[in-house]
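One-based numbering along the sequence shown.
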Amino acid sequence: MRKQPLFTLCPADRYLQSTVLHLLGCHGDSKADTPDVPPSTDNTPQCLNKALEGLSSRWKNWWIRGILSLTMITGFFLIIYLGPIMLIFVVMSIQIKCFHEIITIGYRVYHSYDLPWFRTLSWYFLICVNYFFYGETVADYFGALVQREEPLQFLVRYHRFISFAVYLAGFCMFVLSLVKKHYRLQFYMFAWTHVTLLIVVTQSHLVIQNLFEGMIWFIVPISIVICNDIMAYIFGFFFGRTPLIKLSPKKTWEGFIGGFFATVVLSFFFAYLLSQYQYFVCPVEYNSETNRFAVECEPSNLFMIQEYTLPAVVQNKTVNLYPFQIHSIALSTFASLIGPFGGFFASGFKRAFKIKDFADTIPGHGGIMDRFDCQYLMATFVHVYIASFIRGPNPSKVLQQLLVLQPEQQLGIFNTLRNHLRENGMLPPAVEEAQ
């Protein structure tokens, strides 16, 4: 006797099922719920593999991660020594590499469909978005240079219109590339590219914005995330017993909590160290006379020793601290408690496509995106934190904006400002007569 199915699909459901299976390339194979991505390869240097061949896989991975981490940290401080312009180029390079790793996953998954112009358009949109963001940066921080160069004045004045026109050309190319029977998949990849741009390019732009506020706003947040990653790994390696989240089975509560306390303490003292140096605390500004970046200023109150009275429970004692040290506690708390969710998000993304790492660029660590998944979330928080609690009116930026105005506009602002100062008694009589 023929067995009857437990349930049947209506025509609409059967159509939806066949469409989903077609998009995923799964014709009758229920196990293949996601397209396969080629596994990453082990590119650990042979000399390192040979030196550690007698160790268990657990301890071998420990030493590989440790050695490569120290190498990257050393390189990071070397780049800091080379100055702000080098840091900007490094951020741009990391952004491009992260974008490449994510887009490559999409291309590997769907290359069998032979979608036209996918990679070309992806890189075109990357150039468009970078042109827009870096053009905004030039307009904000290089006003004196723009004032000297007539071609730059034209580009800055019509920057947003040019950016929109360039993007619109890419949009039209995408529409022209649509292929019958693959419309849905192509729009999916269009969204893939734009979400990648939102995550990678926008966040890297915020990193550079933080850098111009002072190198300390660049160095401390990045160092805090690195510190939390290392401390959580160490505590989890030696004491981890309780799983933290299913998305990352190797993460433990012991590592999460231990990393939090260690990060808060270490960042507090690291902030104290950097707050003493003008090179780190001064805003990064372009000097039109020397054609170089300048980091010289009179440190703000944020980086001046202040006396604080402790609560009565500790007998009203006083301590001398830099106010920035208190802000470092807020930054390290976010990096330790919320920052890891950037990593969990990346873990969920990788699990969706059955891959271990975004790439195999760094032995023992995976790809560049694997190392910077938490950094991008931290960059957004720091930018919002500065705008909300730190940044006040920037005289240098206001002056740069005034310099690009027409002479009659500048004269009008000058007269308004002079009258305002006279009304408030801030101009000496001699100055008034001279005017």
Side-chain angles (χ1 to χ4, degrees), residues 84-85 87-89 91-96 98-99 102-103 117 120-177 187 190-213 217-218 283-286 288 291 293 376 379-384 386-388 391-410 412-413:
I85 189 67
L87 288 173
I88 293 174
F89 280 117
V91 170
M92 186 186 300
S93 301
I94 291 173
Q95 171 217 117
I96 293 172
C98 289
F99 182 84
I102 298 176
I103 289 298
W117 300 358
T120 302
L121 284 174
S122 296
W123 287 101
Y124 179 84
F125 284 127
L126 176 68
I127 295 172
C128 291
V129 176
N130 271 301
Y131 175 79
F132 171 74
F133 280 126
Y134 282 96
E136 294 285 306
T137 299
V138 169
D140 286 341
Y141 296 99
F142 297 83
L145 177 63
V146 171
Q147 189 66 19
R148 285 207 319 255
E149 304 293 336
E150 189 171 342
L152 288 179
Q153 292 180 31
F154 174 82
L155 292 176
V156 168
R157 178 171 298 177
Y158 301 104
H159 171 67
R160 296 195 176 186
F161 180 81
I162 296 172
S163 300
F164 178 72
V166 172
Y167 175 84
L168 201 59
F171 177 81
C172 293
M173 285 190 289
F174 167 75
V175 174
L176 293 174
S177 72
F187 277 103
F190 184 78
W192 178 302
T193 299
H194 282 68
V195 170
T196 304
L197 292 171
L198 177 66
I199 294 175
V200 176
V201 182
T202 305
Q203 311 303 318
S204 64
H205 172 69
L206 297 182
V207 171
I208 294 176
Q209 292 286 305
N210 298 339
L211 171 63
F212 279 106
E213 295 294 328
W217 291 105
F218 174 88
V284 178
E285 297 178 347
Y286 178 76
S288 59
N291 289 325
F293 284 104
Y376 286 127
T380 304
F381 173 73
V382 173
H383 185 77
V384 173
I386 292 174
S388 301
R391 183 190 295 138
N394 189 331
S396 177
K397 186 178 293 188
V398 172
L399 180 60
Q400 290 181 0
Q401 292 173 340
L402 289 175
L403 292 176
V404 298
L405 297 177
Q406 296 297 323
E408 57 274 13
Q409 294 174 316
Q410 295 174 346
I413 293 175

Run the side-chain contact (heavy atoms from CB on, under 4.5 Å) check on Val382 and Glu213 step by step: do they pass?
-> CA-CA 11 Å; Val382 173; Glu213 295 294 328; over 6 Å; no
In Å, rounded to the nearest 0.5 Å, how long is the span from CD of Glu136 to CZ of Arg160?
-> 4.0 Å
Ser204 to Gln95 - nearest heavy-atom pair and separation | OG-NE2, 3.0 Å
Kindly give the heavy-atom pair with the smallest separation between Ser177 and Leu121, and that separation in Å.
-> OG-CD1, 4.2 Å
At what distance, to the nearest 0.5 angstrom, does CG of Leu176 lie from CZ of Phe171?
-> 10.5 Å
With Phe187 via side-chain contact (heavy atoms from CB on, under 4.5 Å) - residues at least two apart = Phe174, Leu178
Can you tell me how far CZ of Phe99 sits from CG of Leu197, rounded to the nearest 0.5 angstrom?
-> 5.0 Å
Rounded to the nearest 0.5 Å, how far does CH2 of Trp192 lie from CD1 of Ile103?
-> 7.5 Å
Is the OH atom of Tyr134 crowded by more than 12 outside heavy atoms at less than 6.0 Å?
-> yes
What pairs with Gln409 under side-chain contact (heavy atoms from CB on, under 4.5 Å), at least two apart in sequence or on another chain?
-> Leu405, Gln406
May I have the step-by-step check of side-chain contact (heavy atoms from CB on, under 4.5 Å) for Tyr131 and Leu155, ending in yes or no?
-> CA-CA 11 Å; Tyr131 175 79; Leu155 292 176; 4.0 Å; yes
Within a reach of under 6.0 Å around CD of Glu408, are more than 12 heavy atoms found that belong to other residues, nucleotides or ligands?
-> yes
Should Phe212 and Thr137 count as side-chain neighbours, where that means a heavy-atom distance under 4.5 Å?
-> yes
Can you give me every donor-acceptor pair (side chain of residues 122-129, partner residue at least two apart or in another chain, under 3.5 Å) with its distance?
residue : atom : partner : partner atom : Å
Ser122  : OG   : Phe118  : O            : 2.8
Ser122  : OG   : Thr193  : OG1          : 3.2
Tyr124  : OH   : Val166  : O            : 2.6

